[in-house]
Structure formats: structure tokens, C-alpha cells
**Student:** 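Once you've had a glance at the structure underneath, I'll fire off some questions.
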Amino acid sequence: MKILVCLSNVPDTTSKITFTDNNTAFNTAGIQYIINPYDEIALARAVELAGNGQGTITVIHVGEAAADPTIRKALAIGADQAVRIDAYPRDAWFVAHQIASYAKTQNFDLILTGRESIDYNGSLVQGYIAELLGIPSISIAKKLDINDSQATVEREIEGGKEVIQVPLPVVIGTAEGVAEPKIPNMRGIMSARTKPLEVIQAIDVPALSHITHFDTPPPRGNVKLVDKDHVTQLVELLHSEAKVI
């Protein structure tokens, strides 16, 4: 089985987020990057599925050379080879076209992404890739099993769960529960240095949108303490100030 895992390079969750150029560009100064946590879950499940010679894993990332350490970590975790599309990932439409263009030439049985990236939270790339390849797509998978040429996917829905069976090839967006993220061991770290990382030039994709500006959340206000016996006052504050009821 040939598995493709799509990786995003995202700011560490402890990073302080700021913007430059009149709030039109993300400020990368001092930012430490990591594998998108949901993509790391997808990679962990791929390693499990491909274990004991059952398959091969290719990781793919659309980005610039600064992302190579993140890609090397994925190789250390257990991917066999990596591909980096050498371009700034301007939006989900652009990224999906780059990945689909590569995947069309490789005949992958299974394409895994995270349910979303933790920087933009768009949840768009997975569906776009499937549409461009003309294959099925399932999002927010909580459990994934492969039997012969069929995937069984479990999803949470309101009031219960949904189990879907779909033939391969398929694109699946993984969420918590599919697998536990793996920590690379020393052998994996050493072997990652020699595993192939192919750099490919991007294809042209028309820009259909652009970011006009970013807004940061308003600062948190002071905490108001309400005596437990003053229920009416609490309800009024929740209605008039917090606006949650």
C-alpha cells in the first residue's frame, strides 16, 4: 500500500502571534515551527498501517526551505521519503493543486491529512485534493482501518457515531483518536538524515483570493466575581456584557 501524508508547518502553540505590514502579513520573527498536530496524528496512523513491510509512506509539504527540519522530523518518525513543493503556501486552493498534481503521477492508495491546520483552521485542503483527483473524501475521522482495498472510517456525529466503508483510493482527514503521535527515537533521527527529500517546482495556479488583513482578538477584560447568592445579577451580566445568553 502506498500512503501519502500531507504536512503543514505551523507555529508552535506557545508562540506569540503578531502581524506586520499594517496587519497584512504574519510576523515570523522568533517563531518556532512544528508539524501540524493533526497531521502528526495522520503520520502516526500511516506508520502503523505500513508497519512490517505492509506499505510505504511519502510525506509531502508545500513550502520553502525553512520547513526542511519539520519534514526531517516526519522522516525520523517513520516516513520513507519526502517531497517538498518549493513555493510559499499562499492558500488552501494553491496547496491542494500542488499536492494533487504530484499525487496524480504516483498512484497512492491512501492520502492522509489532518482534519485542519492549527494556524488557519480552514479544513479545506483535504476536500480540494479529493475533488481534483476525482476520488472520495472523508473528514474528521476518529478511527481508521484498512482491509484489502477498502477503508473503514469511524466519525463522531451528534448523538452517536458514523461508520463508513469506502474503496481505495481515498483522502481522509484525521482527528484525535486515530493514533497517538509518535516521538522519533535515536535510530529514526539518524536514518532521517539519509532518507530522500525531493524538491519539486510548483505548478502555476491562478490566485482566486487574497488576505486583506488580520485582526488579533481583543484583550481579555477584568474578571468580575459574583456572589453565589446573587443569581439574578449573574444572569444579567451574562446577558448584557458576556452576551452568551
Side-chain angles (χ1 to χ4, degrees), residues 5-43 59-74 82-102 111-132 137 139-140 171 173-176 181 199-224 238 240-245:
V5 180
C6 308
L7 300 181
S8 292
N9 190 41
V10 300
D12 188 280
T13 53
T14 61
S15 300
K16 183 178 180 181
I17 304 302
T18 59
F19 303 100
T20 60
D21 298 333
N22 293 323
N23 288 345
T24 61
F26 175 63
N27 184 7
T28 60
I31 297 295
Q32 181 177 351
Y33 286 87
I34 60 173
I35 300 175
N36 178 51
Y38 293 114
D39 299 343
E40 200 163 3
I41 292 171
L43 176 58
V59 293
I60 187 168
H61 171 70
V62 180
E64 297 166 321
D68 284 355
T70 297
I71 300 172
R72 288 291 177 190
K73 181 181 178 182
V83 173
R84 177 170 62 82
I85 310 298
D86 191 23
Y88 177 75
R90 66 175 186 244
D91 58 25
W93 182 245
F94 177 83
V95 169
H97 271 78
Q98 305 306 322
I99 295 173
S101 176
Y102 173 76
I111 300 176
L112 297 178
T113 73
R115 61 178 289 178
E116 62 187 358
S117 62
I118 63 169
D119 48 4
Y120 291 101
N121 303 102
S123 301
L124 296 173
V125 171
Q126 168 222 322
Y128 286 163
I129 293 172
E131 179 66 21
L132 291 167
S137 167
S139 62
I140 317 181
V171 183
T174 61
E176 307 92 327
V199 179
I200 298 175
Q201 294 304 306
I203 62 171
D204 291 331
V205 178
L208 301 184
S209 64
H210 70 279
I211 296 172
T212 58
H213 68 281
F214 295 96
D215 288 325
T216 56
R220 293 183 178 181
N222 295 327
V223 175
K224 292 185 177 181
L238 291 173
S240 62
E241 293 191 16
K243 300 186 185 302
V244 295
I245 60 175

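Every value quoted in this text rests on a predicted model; they were computed, and no experiment measured them.
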**Student:** Relative to the ring of Phe214, is the ring of Tyr120 parallel (under 30°), tilted (30 to 60°) or perpendicular (over 60°)?
**Tutor:**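 If you compare the ring of Tyr120 with that of Phe214, the planes turn out tilted.
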
**Student:** Working to the nearest 0.5 angstrom, can you tell me the gap between Ile203 CD1 and Phe94 CZ?
**Tutor:**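 Rounded to the nearest 0.5 Å, the CD1-CZ separation comes to 8.0 Å.
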
**Student:** Between atom OG1 of Thr113 and atom OH of Tyr38, what is the distance when rounded to the nearest 0.5 Å?
**Tutor:**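 Those atoms lie 12.0 Å apart.
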
**Student:** With the side chain counted from C-beta on, respond yes when Arg115 and Glu176 share a heavy-atom pair under 4.5 Å apart, and no when they do not.
**Tutor:**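 The answer is yes; the side chains approach within 4.5 Å.
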
**Student:** Any heavy-atom pair between the side chains of Leu43 and Val59 that's under 4.5 Å?
**Tutor:**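 Val59 reaches Leu43 side chain to side chain.
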
**Student:** Indicate yes or no: at least one non-hydrogen side-chain atom of Arg90 is less than 4.5 angstrom from one of His210.
**Tutor:**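 They are not in side-chain contact.
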
**Student:** How long is the gap from CG on Asn23 to CG on Asp215, to the nearest 0.5 Å?
**Tutor:**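 If we round to the nearest 0.5 Å, Asn23:CG and Asp215:CG are 6.5 Å apart.
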
**Student:** Would you give the length of the straight line joining atom CD of Gln98 to atom NE2 of His61, rounded to the nearest 0.5 angstrom?
**Tutor:**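 Taking CD in Gln98 and NE2 in His61, the distance rounds to 12.0 Å.
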
**Student:** Taking Arg84 first and then Glu64, would you say they form a salt bridge - that is, a charged N and a carboxylate O separated by under 4.0 Å?
**Tutor:**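 Looking at Glu64 together with Arg84, the answer is no, because their closest N to O distance does not fall below 4.0 Å.
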
**Student:** For Asn27 and Thr18, test the side chains for any donor-to-acceptor distance below 3.5 angstrom and give the result as yes or no.
**Tutor:**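 Their side chains do contain a donor-acceptor pair, which is all the 3.5 Å distance test asks for.
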
**Student:** I want to check something: taking the side chain as every heavy atom from C-beta on, are Ile111 and Cys6 in contact at a cut-off of under 4.5 Å?
**Tutor:**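 Side-chain contact under 4.5 Å: yes.
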
**Student:** Do the side chain of Asn36 and the main chain of Glu116 share a donor and acceptor less than 3.5 angstrom apart?
**Tutor:**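 Present.
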
**Student:** In the structure I gave you, are the side-chain heavy atoms of Tyr102 and Ile99 within less than 4.5 Å of one another anywhere?
**Tutor:**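 They are not in side-chain contact.
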
**Student:** I'd like to check Ile35 versus Asn9 (side-chain heavy atoms, cut-off strictly below 4.5 Å). Are they in contact?
**Tutor:**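 When only atoms from C-beta onward are counted, Asn9 and Ile35 do not touch, as no gap falls below 4.5 Å.
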
**Student:** What distance separates Thr70 OG1 from Leu7 CG, expressed to the nearest 0.5 Å?
**Tutor:**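 Spacing of OG1 (Thr70) from CG (Leu7) equals 8.5 Å.
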
**Student:** For residues Leu112 and Ala42, report the shortest heavy-atom separation together with the two atoms involved.
**Tutor:**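 Distance-wise, the nearest heavy atoms are CD1-O, 3.4 Å.
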
**Student:** Compare all side-chain heavy atoms of Asp119 with those of Pro11 and state whether any distance is below 4.5 angstrom.
**Tutor:**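 In contact.
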
**Student:** Output the distance between atom CD1 (Ile211) and atom CG (Asp91), rounded to the nearest 0.5 Å.
**Tutor:**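 So the gap between those two atoms works out to 8.0 Å.
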
**Student:** Count the heavy atoms of every other residue, nucleotide or ligand shown that sit under 6.0 Å from CG of Asp12, and state whether that count exceeds 12.
**Tutor:**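 Check passes, neighbour count above 12.
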
**Student:** So, Asn22 and Thr24: side-chain donor and acceptor under 3.5 Å apart, yes or no?
**Tutor:**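 Their side chains do not contain a donor-acceptor pair, so the 3.5 Å distance test is not met.
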
**Student:** So Ser101 and Leu132, do their side chains get closer than 4.5 Å, heavy atoms only?
**Tutor:**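 They are not in side-chain contact.
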
**Student:** Tell me yes or no: between the side chains of Glu131 and Ser137, is some donor less than 3.5 Å from an acceptor?
**Tutor:**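 Looking only at side-chain atoms, Ser137 and Glu131 do not form any donor-acceptor pair under 3.5 Å.
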
**Student:** For the backbone of Ser240 and the side chain of Lys243, can you confirm whether one donor and one acceptor N or O come within less than 3.5 Å of each other?
**Tutor:**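 Yes; at least one donor-acceptor contact below 3.5 Å.
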
